[in-house]
Amino acid sequence: MDCFQTVSRLKGSLCHQLLLFIIWLSSFQELVAVKTLLEPINVSSMSELASSPSSGLFDPIEISPSVIPHYPNPVEPLPPMYPVFPNRYEPNITGKCPVNFSLMSSLMDKTASDCADPLAALLRNVICCPQISSFLHLFQGFYSNNSDKLVVQDAVANYCFTDIISILASRGADSNVPTICSVKSSNLTGGSCPVKDVVTFEKTVNTSKLLEACSTVDPLKECCRPVCQPAIMEATLKISGRQLMMDENKNMVGELNHSDPLADCKGVVYSYLSRKLPLDGVNNALRIFSTCKVNKVCPLSFTQPSEVIEACRNVAAPSPSCCSSLNTYIAGIQKQMLITNRQAIICATVFGSMLRKGGIMTNIYELCDVDLKDFSMQVFGQGCLLRSLPDDVLFDNATGVGLVCDLTDNIAAPWPSSSSMSSMSFCAPEMSLPALPTSQTLKNPGVYHCFVQFLALVNFLSFVPLV
């Protein structure tokens, strides 16, 4: 955004010329990418997928190591990132789910793309599982749109769920999505929620307040100053019968997160919203809610860094043995998954706190040039951080399936001020994402910012599909 503002103020400037060159380069790179795709390329395939998640849908997860193509010093143009074309075919459906799936075709395409094989396991915590969860809530409302029910009938829920997974797989999605994301047919039925019909729902809930709060959800504000989520929770408490119990016993608030009826009733509220508001808008809102949640925790698993502590405990200057040990450890965590830029900040702080607790007081991130991107999976030798806002996997008819990496976050990993890991918030006025490094040699910071973005885009175009 800063770059474009600079262009508007300084027409004919170096930044403007760079942007013109970027436009030309984009077209040139697209031709190179297509040409490379048509030539035989020896690219390794991923040998292992993720193990089944041990807990809830958006809890921190572990993913077993995966092998990805490695190009240490490429001399030829790199192939597009994951140049895979989904294997599309006619699905084998049961025919027992009374729904016209073609009416949800575009949303199913989006879900299949976000859970594409082989990316689903690597992206489940950020992209795939939030989208499949949202789709099931929307389907629940879509199914009951011509009736007074807000859920799928128990008798056909399993058939509908099976058909959904079959259709998604036929469009390129990973067939193991139910296991990867811990979803099942009972997610469509409303479970133990006592309110499952429109009439009772509208008698119990202030629906005008609910719809007004959720008609438009701002992705930048909802995580810190939520408007829709409190309205959803209020409606959920009312239809679950918990509101009265809360009024009588305030101490029950801490128990609500473990209540199955509450989770089931929240799904019923989502179903009602999908009947009254555009599907795309509700889908976007649900994805924002998921983003708010996943960006609050580090999803990586850290083993005890004993060797790093031993090698780095007493260093005060760059040390080959310390940096070698640190880099080896970080190379292990890079095999777990792709994470967002905000998750990377939390992960770097968590790991740094472990190191400080082990006696390392010096900022070894700085000594060993550890960046935020080093905490995410490496793609073609480059760290790839996903954006912290709701994002999707891309599909292009020429280059296949790919991702957009946020390469503007090429910044040093933050070293914690203490060994205690206090809760981190990105909502406080004084808290913001670290800024890009500045240079004293360049007098025009706006042009420098454009130059950084330009270099990032050159690297980005060399291995990510153009769409």
Side-chain angles (χ1 to χ4, degrees), residues 44 46-48 50-51 60-74 122 125 295-386 405-407 409-424 433-437 459:
S44 312
M46 291 187 295
S47 61
E48 298 180 17
S51 58
I61 56 178
E62 295 183 25
I63 293 184
S64 54
S66 301
V67 178
I68 62 173
H70 181 58
Y71 299 84
N73 295 297
L122 303 178
N125 144 281
N295 279 322
K296 290 180 178 179
V297 296
C298 172
L300 301 178
S301 175
F302 296 99
T303 58
Q304 183 61 31
S306 304
E307 295 183 4
V308 179
I309 292 173
E310 180 67 24
C312 302
R313 180 179 287 124
N314 298 317
V315 300
S319 163
S321 61
C322 170
C323 293
S324 175
S325 179
L326 178 61
N327 290 335
T328 299
Y329 184 95
I330 290 179
I333 29 184
Q334 287 172 351
K335 297 178 181 179
Q336 293 187 34
M337 69 185 76
L338 290 159
I339 63 176
T340 69
N341 47 26
R342 291 198 172 190
Q343 286 177 325
I345 293 175
I346 298 174
C347 289
T349 305
V350 169
F351 181 51
S353 298
M354 293 176 65
L355 296 178
R356 285 188 63 103
K357 191 173 183 180
I360 301 176
M361 298 295 107
T362 304
N363 182 355
I364 60 173
Y365 289 166
E366 182 178 9
L367 295 181
C368 301
D369 294 324
V370 176
D371 291 336
L372 278 180
K373 289 188 295 185
D374 293 330
F375 287 86
S376 188
M377 181 171 284
Q378 307 295 288
V379 180
F380 299 137
Q382 305 237 10
C384 176
L385 286 178
L386 302 176
C405 297
D406 188 357
L407 294 188
D409 282 339
N410 189 21
I411 54 180
W415 183 255
S417 57
S418 68
S419 60
S420 62
M421 182 56 195
S422 58
S423 59
M424 178 179 292
L433 294 177
L436 286 169
N459 292 328

I'd like a table of donor-acceptor pairs (distance under 3.5 Å, sequence neighbours excluded) in which one partner is a side-chain atom from residues 308-317, with atom names and distances.
unit_1 : atom_1 : unit_2 : atom_2 : d
Arg313 : NE     : Gly358 : O      : 3.3
Arg313 : NH2    : Gly358 : O      : 3.4

Can you tell me how far the [atom1] atom of [X] sits from the [atom2] atom of [Y], to the nearest 0.5 Å?
| X | Y | atom1 | atom2 | result |
| --- | --- | --- | --- | --- |
| Ser376 | Ile330 | OG | CD1 | 12.5 Å |
| Ile345 | Ile411 | CD1 | CD1 | 6.0 Å |
| Leu326 | Leu367 | CG | CG | 10.0 Å |
| Gln334 | Leu300 | CD | CG | 10.0 Å |
| Ile339 | Met377 | CD1 | CE | 10.5 Å |

Check whether any side-chain heavy atom of [X] lies under 4.5 Å from a side-chain heavy atom of [Y], and answer yes or no.
| X | Y | answer |
| --- | --- | --- |
| Ile364 | Cys322 | yes |
| Trp415 | Val370 | no |
| Met361 | Arg356 | yes |

Just to verify, what does [X] make a side-chain contact (heavy atoms from CB on, under 4.5 Å) with, not counting sequence neighbours?
| X | value |
| --- | --- |
| Cys323 | Asn327, Cys368 |
| Ala348 | Tyr365, Leu372, Phe375, Ala413, Pro414 |
| Thr340 | Val126, Asn295, Arg342, Gln343, Leu386 |

Discussion item. Does anything in residues 331-350 form a ring pair (Phe, Tyr, Trp, His ring centres under 6.0 Å)? List the pairs, not counting sequence neighbours.
Written reply: none
Fill in: Contact list for residues 295-333, test ring pair (Phe, Tyr, Trp, His ring centres under 6.0 Å), sequence neighbours left out
Phe302-Phe351, Tyr329-Phe351
Worksheet item: Which atoms form the tightest heavy-atom contact between Ile333 and Ser301, and what is the distance?
Response: CG2-O, 3.9 Å
Worksheet, complete the sentence: Here the pair of heavy atoms bringing Cys384 nearest to Leu338 is O-CD2, 3.6 Å
Item to complete: Return the set of residues passing side chain to side chain donor-acceptor pair (under 3.5 Å) with Ser321 (not counting sequence neighbours), or none when no residue passes.
Response: Ser319
